[in-house]
Protein chains: 2
Amino acid sequence: MGSRPDFSYVAKLMADSSRAAMLEALLDLDGLPASELAKRANVSLQTASGHLSKLVEGNLLRVEKHGRHRYFRIANAEVAQAIEMLTVLAPSAQVNSLKDFSRSEKIQIARTCYDHLAGKLGVLITEALVEKEYVAEDQDVFIVTKAGEEFFNSFKIDLDALRQKRRHFARKCLDWSERRYHLAGSLGNAILLQLFDLGWIERLPGRAVKVTDTGIKGLEKSFGMDTSKLG
Amino acid sequence: MGSRPDFSYVAKLMADSSRAAMLEALLDLDGLPASELAKRANVSLQTASGHLSKLVEGNLLRVEKHGRHRYFRIANAEVAQAIEMLTVLAPSAQVNSLKDFSRSEKIQIARTCYDHLAGKLGVLITEALVEKEYVAEDQDVFIVTKAGEEFFNSFKIDLDALRQKRRHFARKCLDWSERRYHLAGSLGNAILLQLFDLGWIERLPGRAVKVTDTGIKGLEKSFGMDTSKLG
DNA sequence: TTTATACTTCGATTATAGCCGAAGTATCTG
DNA sequence: CAGATACTTCGGCTATAATCGAAGTATAAA
């Protein structure tokens, strides 16, 4: 019949709100077990299990078995990108008040994405690191260069310790507000923690963060960032 | 509350097979009336009408009123690209007959995607432009080089006029059959139109196109393309 | 081996939404 | 104005699938 693959099959998989919640959780945090995904989608474990097998069968997720645990991940970067494309088309979350509006503005400038930086700030820092050739882009990950090793060392981030951790080291994470990549993984997390420690950023209510005055100076000096773009 | 737009809303719009058939028809032929779309989706006019209002409300389609006629179009290039992205993820369609096979062969060799070239031809032309350094790949877009400015000028494509248009100029669009990028945006559209004008390509039924004999010669001469790869 | 954990499968219920017939509105033709 | 065309709205039917309780399997710990 058709000469063209049926995109509505994939759309159906993404159309259910429980499955969407699970996919979204996995965009933020790679490798969650079914029980955790059930919680995040507000459904029972049985329901979640059914949804997850559909997503795996449709090649949107893949699953890694470790004994009795099964960790789910987004299958590949194309899946993340397709979700990102749909997010771009979706009407932006409703803004019901002035408070909502300023919050949505702030959250697009700087926020945390699970445990690393996202939004304009996350993307700008990532791009500054690429610009200075401290990290280089690969398919799904960033690679730390020789210059980068020195830089992170002087920035009091212990790369070897991070590499020991049983999680991704420097992953590319697609940003829904900027439509560009920011740095995730344990290195992304370490940068976030260090910026908090230095007092360069502070938490606002929710996931939004605020860059302090010392932060502005620091980011310009250490990362060579053009902080006026944060406006 | 929610800071992230809800992509499942858009996925739901694309998930229904009747709506998918309509969207697909509109990727082929821009500007069809409800009655025609009802036929192509094999549903009654009432049903089609309901689907179409949902698609318009969700900003996937826009509608132009001309008297008692209402012509529907894909709302913008992002919608087309999102559909292409989902198509990449979808399992390839089953081929049930010889006729299907030859059609699926043709459509993979050369077809239009929204308003520009896709398939093997689209990818080969794009890669030829990169090879000759007329355009350079960036993150999400292609950048026209100095040599490219001259080339397109001699090819009777007015880049400045294209840049005026309120749409993407030279976007990267992932190709579902080739799994590589082809050139989209207003420049991609201009190239398509110019190739039709020159008689280098001709429309086949549906979205497939055919390269003419003059086209073969022209593509080899102007783009330095190895047309034997077109199969 | 027993018990606990993590998850899957089955079955019944329920809600959503896709579908069309019938009746309505808007626009053009004569 | 009457009649035709193009489409929309309403109401009821129906099929799909999302949901969870209950019971089952697989692995790990004690």
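Every chain is numbered from 1 and lettered A, B, ... according to where its sequence line falls, protein lines coming before strand lines.
Going from atom CG of Leu52(A) over to atom C1' of dT8(C) covers 11 Å, rounded to whole Å. In this structure, Asn42(A) atom CG and dT19(D) atom P are separated by 10 Å, rounded to whole Å. To the nearest angstrom, P of dT16(C) lies 13 Å from CG of Asp16(A). Remark: C1' of dA15(D) and NZ of Lys12(A) are 13 Å apart, rounded to the nearest angstrom. Straight-line distance from the CD atom of Glu64(B) to the C1' atom of dC7(D): 17 Å, rounded to whole Å. Taking atom CD of residue Glu57(A) and atom P of nucleotide dT9(C), one finds them 11 Å apart after rounding to whole Å. In this structure, OH of Tyr71(B) is placed 9 Å from P of dA6(D), rounded to the nearest angstrom. dA6(D) atom P lies 12 Å from atom CD of Glu36(B), rounded to whole Å.
Between dT27(C) and Arg70(B), no contact under 4.0 Å exists linking OP1 or OP2 to a side-chain N or O. The shortest distance between the side-chain N/O atoms of Ser44(A) and the OP1/OP2 oxygens of dT19(D) is not below 4.0 Å. When the side-chain nitrogen and oxygen atoms of His51(B) are compared with OP1 and OP2 of dA17(C), none of them lie within a distance under 4.0 Å. Close to dT8(C), at under 4.0 Å from its OP1 or OP2, lies no side-chain N or O of Ser53(A). When the side-chain nitrogen and oxygen atoms of Lys54(A) are compared with OP1 and OP2 of dA18(D), one or more of them lie within a distance under 4.0 Å. Regarding contacts with the backbone of dC7(D), a side-chain N or O of Ser35(B) is found under 4.0 angstrom from either OP1 or OP2. The side chain of Ser49(A) places no N or O atom within less than 4.0 Å of a non-bridging phosphate oxygen (OP1 or OP2) of dT9(C).
Side-chain contact check for His182(B) and Asp175(B): at least one donor-acceptor pair (N or O, by modelled atom type) lies under 3.5 Å.
A distance-only check finds no donor-acceptor pair linking the side chain of Arg19(A) to the backbone of His51(A) [under 3.5 Å].
Looking only at side-chain heavy atoms (C-beta outward), Met22(A) and Arg40(A) stay at 4.5 Å or farther from each other. For the pair Met85(A) and Leu89(A), the minimum side-chain heavy-atom distance is 4.5 Å or more.
Nearest to the side chain of Leu45(B), among dC19(C), dC7(D), dC20(D), sits dC7(D). The nucleotide whose nearest atom lies closest to any side-chain atom of Gln46(B) is, among dG21(C), dA18(D), dC7(D), dG21(C).
We find that Asp158(B) and Arg163(B) are not joined by a salt bridge, their nearest charged nitrogen and carboxylate oxygen being 4.0 Å or further apart.
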